[in-house]
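Notes to accompany the following structure.
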Amino acid sequence: MMKFLPTLTFIAAIGSGVVGGVFFAFSNFVMAALARLPVPSGIAAMNSINVTVITPTFMTALFGTGFICLVLIAAVFLGWSQSGSYWLLAGAVIYLVGNPIVTMVFNVPLNDALAAVDPENANGAAVWANHLSQWVMWNHVRTVTAIVAMACFILAML
């Protein structure tokens, strides 16, 4: 397994960067643009995004990178004394906690609540306002942790 470590680390760095870039876009301008729309339109647009994001490409980037992180954690414990092991472990743990776990524990339930609301009533507006604050906050966490994980993977390869 150790001979594949550099390749897996490189793939984890790329995956973290791709995922971080997607989340960066949402944190910096996509959600702000959706917030400018009338409530029913913003909800409809976000619900559409939440359906269309479930593609093999993005799911592989998000969860495939998470799987590689699990492999890297195992590799670190099998060869702890190797150069860059601390960076590798840090990157893998930061990515796993900050991306797949935060996504499943925080962002997906917020998306599910948004999908279940009637966008035309007052409750829809309240759910949308909560979504804009809470979802974006957790998306900032995903953005930062993906970018930090990418930096850790790069440092592990030096």
Side-chain angles (χ1 to χ4, degrees), residues 1-35 43 45-117 127-128 130-158:
M1 179 188 336
M2 292 303 172
K3 71 179 182 179
F4 297 111
L5 198 57
T7 301
L8 291 175
T9 304
F10 180 77
I11 294 169
I14 297 297
S16 298
V18 167
V19 169
V22 170
F23 293 152
F24 179 85
F26 272 84
S27 283
N28 283 281
F29 56 85
V30 172
M31 294 307 289
L34 295 180
I43 291 173
M46 188 65 186
N47 283 336
S48 180
I49 290 167
N50 290 335
V51 169
T52 59
V53 74
I54 301 173
T55 64
T57 304
F58 186 69
M59 293 297 106
T60 298
L62 178 63
F63 294 108
T65 302
F67 176 75
I68 289 171
C69 287
L70 291 173
V71 172
L72 292 174
I73 290 169
V76 165
F77 285 112
L78 292 174
W80 184 257
S81 64
Q82 291 199 7
S83 174
S85 292
Y86 293 108
W87 287 116
L88 197 58
L89 181 62
V93 170
I94 289 167
Y95 182 86
L96 278 172
V97 172
N99 286 270
I101 291 174
V102 165
T103 296
M104 298 309 296
V105 172
F106 298 105
N107 294 87
V108 169
L110 288 164
N111 291 342
D112 291 344
L114 189 67
V117 74
V127 170
W128 180 234
N130 181 65
H131 191 85
L132 287 169
S133 67
Q134 293 300 302
W135 192 95
V136 170
M137 178 194 67
W138 287 111
N139 194 65
H140 291 337
V141 170
R142 298 189 301 178
T143 301
V144 170
T145 56
I147 293 168
V148 168
M150 179 185 66
C152 290
F153 293 135
I154 291 169
L155 290 169
M157 291 186 289
L158 297 178

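We number each residue from 1, following the sequence as shown. The figures that follow rest on heavy atoms only: side chains count, while hydrogens, waters and symmetry mates do not.
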Checklist entry - Shortest non-hydrogen contact from Thr143 to Ser27? => result OG1-OG, 3.4 Å
Next on the checklist: Could you measure the distance from the CG atom of Leu158 to the CH2 atom of Trp87? Nearest 0.5 Å is fine.
Outcome noted: 10.0 Å
Checklist entry - Closest heavy-atom contact between Met59 and Val53? => result CE-O, 3.8 Å
Item to check | Atom pair OG1 (Thr9) and CG (Leu88), whose distance is rounded to the nearest 0.5 Å | outcome: 4.5 Å
Checklist entry - Just wondering, more than 12 heavy atoms not from Trp128 lying within 6.0 Å of its CH2? => result yes
Checklist entry - Nearest 0.5 Å, what's the OG1-CG distance between Thr65 and Leu72? => result 10.0 Å
Item to check | Minimum side-chain heavy-atom gap Phe26-Ile49 below 4.5 Å | outcome: yes
Checklist entry - Hey, mind stepping through Phe23 and Val30 against side-chain contact (heavy atoms from CB on, under 4.5 Å) and telling me if it holds? => result CA-CA 9 Å; Phe23 293 152; Val30 172; over 6 Å; no
Item to check | side-chain contact (heavy atoms from CB on, under 4.5 Å) between His140 and Phe24, intermediate numbers included | outcome: CA-CA 8 Å; His140 291 337; Phe24 179 85; over 6 Å; no
Checklist entry - How long is the gap from CG on Leu34 to OG on Ser48, to the nearest 0.5 Å? => result 10.0 Å
Item to check | For Tyr95, the option from Val19, Ile68, Val148 that meets side-chain contact (heavy atoms from CB on, under 4.5 Å) | outcome: Val19
Next on the checklist: Given 3.5 Å as the limit, does a donor-acceptor pair link the side chain of Ser133 with the main chain of Asn130, or not?
Outcome noted: yes
Checklist entry - Do you know the tightest heavy-atom contact between Gly84 and Ala156? => result O-CB, 3.5 Å
Checklist entry - Is there side-chain contact between Leu89 and Phe77, with at least one heavy-atom pair below 4.5 Å? => result yes
Checklist entry - Is there a donor-acceptor pair under 3.5 Å between the side chain of Asn50 and the backbone N or O of Met46? => result yes
Checklist entry - From Ile73 CD1 over to Leu78 CG, what is the distance, rounded to the nearest 0.5 angstrom? => result 12.0 Å
Checklist entry - Under a 4.5 Å cut-off applied to non-hydrogen side-chain atoms, are Leu132 and Met31 in contact? => result yes
Checklist entry - Closest heavy-atom contact between Gly17 and Met150? => result CA-SD, 3.5 Å
Item to check | 4.5 Å side-chain heavy-atom contact, Ile43 and His131 | outcome: no
Checklist entry - Is any side-chain heavy atom of Cys69 less than 4.5 Å from a side-chain heavy atom of Phe153? => result yes
Item to check | Value rounded to 0.5 Å, distance of CD1 in Ile101 from CG in Asn107 | outcome: 13.0 Å
Item to check | Residue pair Ala75 / Leu5: nearest heavy atoms and the distance that separates them | outcome: CB-CD1, 3.6 Å
Item to check | Nearest atoms (heavy-atom pairs only) where Ala90 meets Cys152 | outcome: CB-SG, 4.1 Å
Checklist entry - Between Asn99 and Thr145, is any side-chain donor less than 3.5 angstrom from a side-chain acceptor? => result yes
Item to check | Plane angle bin for Phe106 and Trp138 - parallel if under 30°, tilted between 30 and 60°, otherwise perpendicular | outcome: parallel
